[in-house]
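Per chain, numbering begins at 1; letters A, B, ... match sequence-line order.
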Amino acid sequence: MQGELLVVGQHISPLGDIDPSTGEVKPLGATLKDKLLVMPGMKGSTVGAYTLFALRENNVAPKAVITVRLDPILVAGCVLANISLAKLEDKEALSELRSGYRAQLRRGALVVEYP
Amino acid sequence: MKLAAFEENILKGELGEAARKALEAVIAVGEALGADRLVEIHSAHISGISYTTIGDPGLKFFEKLVEQGARVSVPTTCNPIGFDMSDPYLLNPDEKYVEKQMKIISCLKRLGVKLTFTCTPYYIQCPPKGSHLAWGESSAVAYANTVLEAWTNREGGPLALLAAIVGRTYYYGMHVPEQREAKIEVTVQAKLEGVTSYGALGAVVAEVVEGAIPLIKGVRPGHEEVKALCASIGAYGDLPRVVIADQARTKNVERRVEVKGSDIKNVLGRHCWTGRAEAFWTGCPHASREKVFEIFRIVERLGAPRAPVFVCTSRYVKKSLKSIEEKLRRKNVYLVADTCMVVSTLRSAGFKVVATDSLKAAMYLPKLQGVEVEVIELRDYIKSTSAS
């Protein structure tokens, strides 16, 4: 699976921070549709799992979510919305990633093409 | 994952298609998190049943389960909906909204969920110490793990429902004794008082501990204060539990941090009180009976506030307060059941600036309802706006 990264530098609450009808990540003002969403983790409401499910139903889901910390809510949302989920083992790597970089997710490993 | 015979049978479809699919989802989540078995649950609490927060996709999720003939197999309570059933149009929802919300409720009823409509299920039926739960609602999860010593992960709303159908969740995180232990020590170097300060403490702690269960020293919160703390750690972070104790053992602590008075002030400073609020909203999480009595005593002594106070609570607490409900109303204080400011239709009701004593609500209201929020203790709000 390949696509463009969308990097969110902070933990976001899917409920409230992501618009389920457009896929906009509000703190960034950018959409996560078809992107590989990279973030340190999520925070907030357990309803966030429904937000991820709604992204799929509204055809604006990301291709994958790549995160340092796995919250059970995020995992549940990705399972129900059938979104690939990978754990970023190297926390430091997060600071080297930028939105717009092309990358591939191969068997759970993120392979980034640095420009 | 190692499964018991009963669980294998569910996967073979012996309890029907709905149960098979529900168990598959619970296993998939558990395996992703590294769980090697399932655990029987005592009860479930499902979040995400307000049409405001889940919309049509959420309704569709419930309708599909109903079609498949799903039923919960353990006692299952549910979170607030988008309005007070006894007065649906109080906050001006349109008819379509009410119709969709009623459809969600009808699905829940057919699934066997108890229509409790509250984020404080522990006031209705307190889970036993050490019981395994599959609870959604981040504030209730934190309260269960921190105060009640009942064990639950932060279950996503839909997964809590699927766990309720099969009566199982994955054995991971808060269900594992070692993973419940504090790994970071937080010393509070400030005298804290009131729910707003403790709500702010929750926000600070959630942001500094990076997911490690904290041992918080230097505070002695009362019931309402610990409830505010729990609501904040779940909203501003991803913590399912904190440990509050001055004398607790600290052998596993890997890191120490301090919280200063200025950290608390910084959080509160994001929502300064300017007196522009059109109403005060409290009850996030839902108010206890004792909190409502406290509000009653304050308005009896200080007089009615100029702008109304809305107190969100459960239908059970509201029903138990019939004797003072009318007296409160005469003091410009109104009890609202089944819903709360965050998941209702506050925006349609025309509110632009509201005051609250809930830091959790202060985080969500601008995002979900598009209203500005000012944080102030209820007592101070009444003091500064009462006519007398």
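Residue with the most contacts toward chain A among B:G234, B:A32, B:P366: B:G234 (heavy-atom pairs, distance under 4.5 Å).
In terms of heavy atoms, A:Y50 sits closest to B:S47 at CE1-O, 3.5 Å. Summarising the geometry of A:H11 relative to B:D238, their closest heavy-atom pair is CE1-OD2, 4.2 Å, with the distance given to 0.1 Å. The two residues B:G156 and A:A49 come nearest to each other via the heavy atoms CA-CB, 3.9 Å. Taking all atoms of both residues into account, the shortest heavy-atom contact from A:I73 to B:E155 is CG1-C, 4.4 Å. Residues B:N153 and A:P72 come closest through the heavy atom pair CB-CG, 4.3 Å. Of all the heavy atoms in B:L159 and A:A76, the pair that sits closest is CB-CB, 3.9 Å.
In this structure, chain B has a heavy atom under 4.5 Å from the side chain of A:V79, while its backbone stays farther away. Heavy-atom distances place the side chain of B:K60, and not its backbone, under 4.5 Å from chain A. Contact annotation for B:E210: both backbone and side-chain heavy atoms come within less than 4.5 Å of a heavy atom of chain A. When heavy atoms are compared at a cutoff of 4.5 Å, B:L239 does not approach chain A at all. Proximity to chain A is limited to the side chain of B:Y364, based on heavy atoms less than 4.5 angstrom apart. At a 4.5 Å heavy-atom cutoff, A:P20 makes no contact with chain B through either its backbone or its side chain. A:K26 touches chain B through its side chain: at least one heavy atom from C-beta onward sits under 4.5 Å away, while N, CA, C and O do not. The contact between B:A235 and chain A is made entirely by backbone atoms, counting heavy-atom distances below 4.5 Å.
For the residue pair A:S45/B:S138, the side-chain donor-acceptor check at 3.5 Å is not satisfied.
The structure places CG of A:D17 at 6.0 Å from CE of B:M363, a figure rounded to the nearest 0.5 Å.
Inter-residue side-chain proximity for B:V29 and A:L80 is flagged as unmet; no heavy-atom pair is nearer than 4.5 Å.
Within a 6.0 Å radius of CZ in B:R255, more than 12 heavy atoms belonging to other residues, nucleotides or ligands are found. For A:K33, the NZ atom sits in a loose shell: 12 or fewer heavy atoms of surrounding residues, nucleotides or ligands are nearer than 6.0 Å.
With A:T46 contributing its side chain and B:E137 its backbone, the two residues share a donor-acceptor pair below 3.5 Å. Side-chain atoms of B:R154 do not come within 3.5 Å of backbone N or O of A:K43 as any donor-acceptor pair.
Checked against A:V47 for a side chain to side chain contact (heavy atoms under 4.5 Å, CB included), the options B:V343, B:T53, B:V342 give a single hit: B:T53.
Using a 30° and 60° split on the angle between ring planes, A:F53 and B:F61 fall in the perpendicular class, above 60°.
Within residues 63-71 of chain A, the residues approaching chain B closer than 4.5 Å by heavy atoms are, in numerical order, A:R69, A:L70, A:D71.
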